[in-house]
Amino acid sequence: MRVLGIETSCDETGVALFDSERGLLADALHSQTDLHAVYGGVVPELASRDHVRRLLPLIEQVFSEAGLARGELDAIAYTAGPGLIGALMVGASTAHGLAKAWQIPVLGVHHMEGHLLAPMLEEDRPEFPFVALLVSGGHTQLVEVRDIGCYRLLGESVDDAAGEAFDKTARMLDLPYPGGPHVARLAEQGNPERFRFPRPMTDRPGLDFSFSGLKTHTLTTLRKLQETHPASDQDRADIALAFEEAVIDTLVIKCRRALEQTGLTRLVAAGGVSANRRLRERLDAALARRGARVWYPRGRFCTDNGAMIAYAGAQRLLAGECDPGSMRAVARWPLHELTSPSAANLS
Ligand code: ATP
Ligand code: MG
Ligand code: FE
């Protein structure tokens, strides 16, 4: 089955063609980073308008790159939520319009199911069941994944998401948006002996996270320094490293705990923050010591992309799922409300 995937939940327009027999045929992305950079964050209305501008040309591009004719497409999958409602509606209405014109099925996909299944686009893929660490701009969750659509939430952030904490910390350190990669780069110059930030919620049992205190810790550390002198590049690098180490340590501790609690030995880490090199090194090492292993998406499929939506959509479309009629766009949509494709088919 050949599926066109469309992702417009936030500030990247992602489009891809996935063939369930041959794999990924083409993928294209337009990031709106420059558009929102001056505002220090995503401006929803600007995001929607830019998706409108970019989406159709990107769809043309993937067809031409894949050498595929319109008539060879079997179905369309789009991100139905969660995300910015206006941005989601651009993808949803385009998907439904094209599906109607081409007379093929269309399905709204859960954005986080897309992130979670992104490692399946690689040759070396994890088998079910596994624990998924979803670490992105809007989510930090540990999920027990028994199969596609069988998700049990083990823990999540009670306040900021890990990516959000990176972005806010970047802002305090005068780094551009989105801040994760910039904080990571600055941290490479940091002195690990200088500061030690707390590891929030690791001193008590449970699998929830809290990252907003860490952000405050960054601010107070910075303010204290600035009482005596303006923060130097070295000061900022030392703070970036202390922050990054605290986030990574916390994530690693909770992942280890989640595997212990579930008795599983496979972990999937996905979402933008899973692109972080130091996080990968630390997770790999910590899990290897316990005979467990981690799978990641390739770097560019950690952040938002059309390929993960095409893949997730294909799994459900193959099982016979499709939108009954009207398009779906939902800003809030908990992942654990999903059901397995076969179960949805029976009901
Ligand atoms: P969600 O998927 O929860 O709706 P989102 O789609 O905005 O949110 P993603 O695109 O998955 O999130 O990831 C973007 C986030 O990942 C940003 O917060 C960004 O700072 C962070 N990020 C990207 N690369 C890195 C990195 N190397 N280190 C740390 N954080 C990173
Ligand atoms: Mg983004
Ligand atoms: Fe995302």
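Throughout, numbering of the chain's residues begins at 1 and tracks the sequence. Both ligands and their constituent atoms are indexed starting at 1 by order of listing.
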* Asked: Should the heavy atoms of other residues, nucleotides or ligands under 6.0 Å from CE of M89 be counted, would the total exceed 12?
  -> no
* Within a distance under 4.0 Å of any heavy atom of H139, pick out the atoms of ligand 1 and give their elements. => 1 (P), 3 (O)
* So, D304 and the Mg ion (ligand 2): N/O/S under 2.8 Å, yes or no? -> no
* Asked: Counting only N and O atoms by type, is there a donor-acceptor contact under 3.5 Å from the side chain of Q32 to the main-chain atoms of A47?
  -> yes
* Tell me, please: is C302 in heavy-atom contact with ligand 1, that is, under 4.0 Å? => yes
* Asked: What do you reckon, are the aromatic ring centroids of Y177 and H182 less than 6.0 Å apart?
  -> no
* Asked: Looking at ligand 1, does P181 have a heavy atom less than 4.0 Å from it?
  -> yes
* ligand 1 N/O within reach of P82 N/O, cut-off under 3.5 Å -> no
* Taking atom types as modelled, is there a side-chain donor on Q226 or T228 under 3.5 Å from an acceptor on the other? -> no
* Any donor-acceptor pair under 3.5 Å linking the side chain of R2 with the backbone of E72? -> yes
* Which class fits the ring pair H115 and H111: parallel under 30°, tilted 30 to 60°, perpendicular over 60°? -> perpendicular
* Asked: Less than 3.5 Å between some nitrogen or oxygen of D304 and one of ligand 1, yes or no?
  -> yes
* Asked: Angle at the Mg ion (ligand 2) between OD1 of D11 and OE2 of E12, to 10°?
  -> 90°
* Asked: Do any of the N/O/S atoms of H111, backbone or side chain, fall under 2.8 Å from the Fe ion (ligand 3)?
  -> yes
* Asked: Does the N or O separation between G180 and ligand 1 drop below 3.5 Å for any pair?
  -> yes
* Considering only the protein, which heavy-atom contact is closest to atom 1 (P) of ligand 1, and what is its distance? -> S136 OG, 3.4 Å
* To do: Answer with side chain, backbone, both or neither: which part of R277 has a heavy atom less than 4.0 angstrom from an atom of ligand 1?
  => neither
* To do: Using a strict 4.0 Å cut-off to heavy atoms of G138, name the atoms of ligand 1 that fall inside it.
  => 1 (P), 3 (O), 8 (O)
* Steps toward ring-ring contact (aromatic ring centres under 6.0 Å, His included) verdict (F166, F243) -> CA-CA 8 Å; F166 266 99; F243 166 82; 5.1 Å; yes
* May I ask which of A275, G81, P178, G272 has a heavy atom nearer to atom 23 (C) of ligand 1 than the others do? => G272
* With the Fe ion (ligand 3) as the point of reference, which N/O/S atom of D304 is the closest? -> OD1
* Asked: Heavy-atom distance under 4.5 Å between the side chains of F197 and V247, does that happen here?
  -> no
* Structure fact -> ligand 1 to H115, heavy atom cutoff 4.0 Å, flagged ligand atoms 2 (O), 11 (O)
* Tell me whether C10 has at least one N, O or S atom under 2.8 Å from the Fe ion (ligand 3). => no
* Asked: What is the closest protein heavy atom to atom 28 (N) of ligand 1, and at what distance does it sit?
  -> N276 ND2, 3.0 Å
* To do: Report yes if G163 has an N/O atom closer than 3.5 Å to an N/O atom of ligand 1; otherwise report no.
  => yes
* Asked: Which protein heavy atom lies closest to atom 7 (O) of ligand 1, and at what distance to 0.1 Å?
  -> G137 CA, 4.0 Å
* Mind checking whether T303 has an N or O less than 3.5 Å away from an N or O of ligand 1? -> no
* Asked: Going by heavy atoms in the side chains, are S157 and D208 under 4.5 Å from each other?
  -> no
* Run the numbers on Y151 and H336 for ring-ring contact (aromatic ring centres under 6.0 Å, His included), then give the verdict. => CA-CA 5 Å; Y151 308 128; H336 54 267; 9.7 Å; no
* Asked: Okay, side chain of R196, backbone of R194: is any donor-acceptor separation there less than 3.5 Å?
  -> no
* For ligand 1, note which part of D167 has a heavy atom under 4.0 Å away: side chain, backbone, both or neither. => side chain
* Would a 4.5 Å heavy-atom cut-off, applied to side chains only, mark D284 and R293 as touching? -> no
